[in-house]
Amino acid sequence: MELLFFVWDLLVHLDRHLAELLQQYGAWIYLLLFTIIFCETGLVVTPFLPGDSLLFVAGALAAAGGIDVHLLAMMLIAAAVLGNTVNYAVGHFLGPKVFHWEQSRFFNRKALDRAHAFYEKHGGKTIVITRFVPILRTFAPFVAGIARMTYLRFTAYNVAGALAWVLSLVYAGYWFGNVPWVKQNLSWVILGIIVVSLMPLAIAYVRHRGAKPDFPQAG
């Protein structure tokens, strides 16, 4: 429970934590932000780290001074691209080791072939769109690696998605994060970003539940 409270406090009060870290560590904040974005996109075990809200708040802090917004954007784009690349590589390495049980319902060669076909057809837009969806952006490149999506195609959409995601949110924070109303209610704005980011997951879950066939009635 303590970990959950810590993560929640980190997410909702991210503006306070980053401002304090900037005061304490100065230029080291670039490395910290790079590391967080890399881990959030590159390690399957850390999808809970802040992503969208972190980019917005970092942009707002840059507008307040102490961070070069252009250098920040370039470093975070590099972190996002590198994170997805590592995630893809891990999935690519694990795929053949996992999908080899022919008698398994899910982890068999046919399932791997279906995943490959899906990512060859829809993988590009999946990699780009999931950049804006927490949790999914951590797993999409991993699954792309397992499905052996063509690497050059993956890389092109990986870079495109990173550019769209980082630039839109960092510069949104830079331009609007210090508007008086936004600045006074930044914790609520962060919470709103989190909620909006999670909405596609919630909608997909509701649709999935509604699409399930009813159980046959007894008798």
Side-chain angles (χ1 to χ4, degrees), residues 2-43 46-87 127-138 141 158-200:
E2 290 183 5
L3 177 61
L4 290 175
F5 282 123
F6 170 77
V7 172
W8 178 253
D9 181 66
L10 176 65
L11 291 173
V12 176
H13 302 297
L14 188 59
D15 54 322
R16 301 176 194 171
H17 294 298
L18 278 187
E20 291 170 2
L21 290 170
L22 177 59
Q23 291 179 352
Q24 292 177 19
Y25 299 107
W28 286 101
I29 195 73
Y30 292 106
L31 179 60
L32 175 64
L33 294 173
F34 180 97
T35 302
I36 293 174
I37 292 299
F38 169 79
C39 291
E40 201 258 356
T41 58
L43 305 179
T46 54
F48 56 84
L49 290 174
D52 301 335
S53 55
L54 179 75
L55 297 178
F56 184 88
V57 172
L61 285 178
I67 302 177
D68 184 312
V69 69
H70 307 303
L71 175 60
L72 174 70
M74 287 190 293
M75 289 192 66
L76 296 184
I77 289 168
V81 170
L82 183 60
N84 264 22
T85 301
V86 169
N87 219 340
I127 295 300
V128 172
I129 293 172
T130 54
R131 277 289 188 186
F132 296 87
V133 185
I135 301 175
L136 290 187
R137 72 169 151 261
T138 305
N158 178 21
V159 173
L163 286 168
W165 182 51
V166 173
L167 293 179
S168 63
L169 286 165
V170 166
Y171 283 101
Y174 184 76
W175 289 321
F176 302 111
N178 286 288
V179 171
W181 183 90
V182 175
K183 193 171 183 179
Q184 293 167 10
N185 298 278
L186 195 51
S187 292
W188 287 105
V189 172
I190 293 170
L191 184 59
I193 292 173
I194 295 170
V195 171
V196 170
S197 300
L198 290 173
M199 280 182 65

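Throughout, numbering of the chain's residues begins at 1 and tracks the sequence.
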Step-by-step salt bridge (charged side-chain N to carboxylate O under 4.0 Å, His left out) determination, R131 to D52
CA-CA 9 Å; R131 277 289 188 186; D52 301 335; over 6 Å; no
Pairwise distance [atom1]([X]) to [atom2]([Y]) - rounded to 0.5 angstrom:
X	Y	atom1	atom2	answer
E40	F48	CD	CZ	10.0 Å
M75	L31	CE	CG	6.5 Å
L49	F38	CG	CZ	12.0 Å
L32	Q24	CG	CD	11.0 Å
S168	L163	OG	CG	10.0 Å
F34	I29	CZ	CD1	14.5 Å

side-chain hydrogen bond (donor to acceptor under 3.5 Å, both in side chains) assessment of Y174 paired with H70: CA-CA 10 Å; Y174 184 76; H70 307 303; 5.8 Å; no
Show me the donor-acceptor pairs within less than 3.5 Å that the side chains of residues 76-87 make with the rest of the protein, sequence neighbours left out.
| unit_1 | atom_1 | unit_2 | atom_2 | d |
| --- | --- | --- | --- | --- |
| N84 | ND2 | N158 | OD1 | 3.2 |
| T85 | OG1 | V81 | O | 2.8 |
| T85 | OG1 | N158 | ND2 | 3.3 |
| N87 | ND2 | T41 | O | 2.9 |
| N87 | ND2 | T138 | O | 2.6 |

Note: V69 and A62 closest approach over all heavy atoms is CB-CB, 3.8 Å
Taking Y30 for the side chain and D68 for the main chain, is one N or O donor matched with an acceptor at less than 3.5 Å?
yes
query: Can any side-chain N or O of S53 pair as donor or acceptor with the backbone N or O of P50 at less than 3.5 Å?
result: no
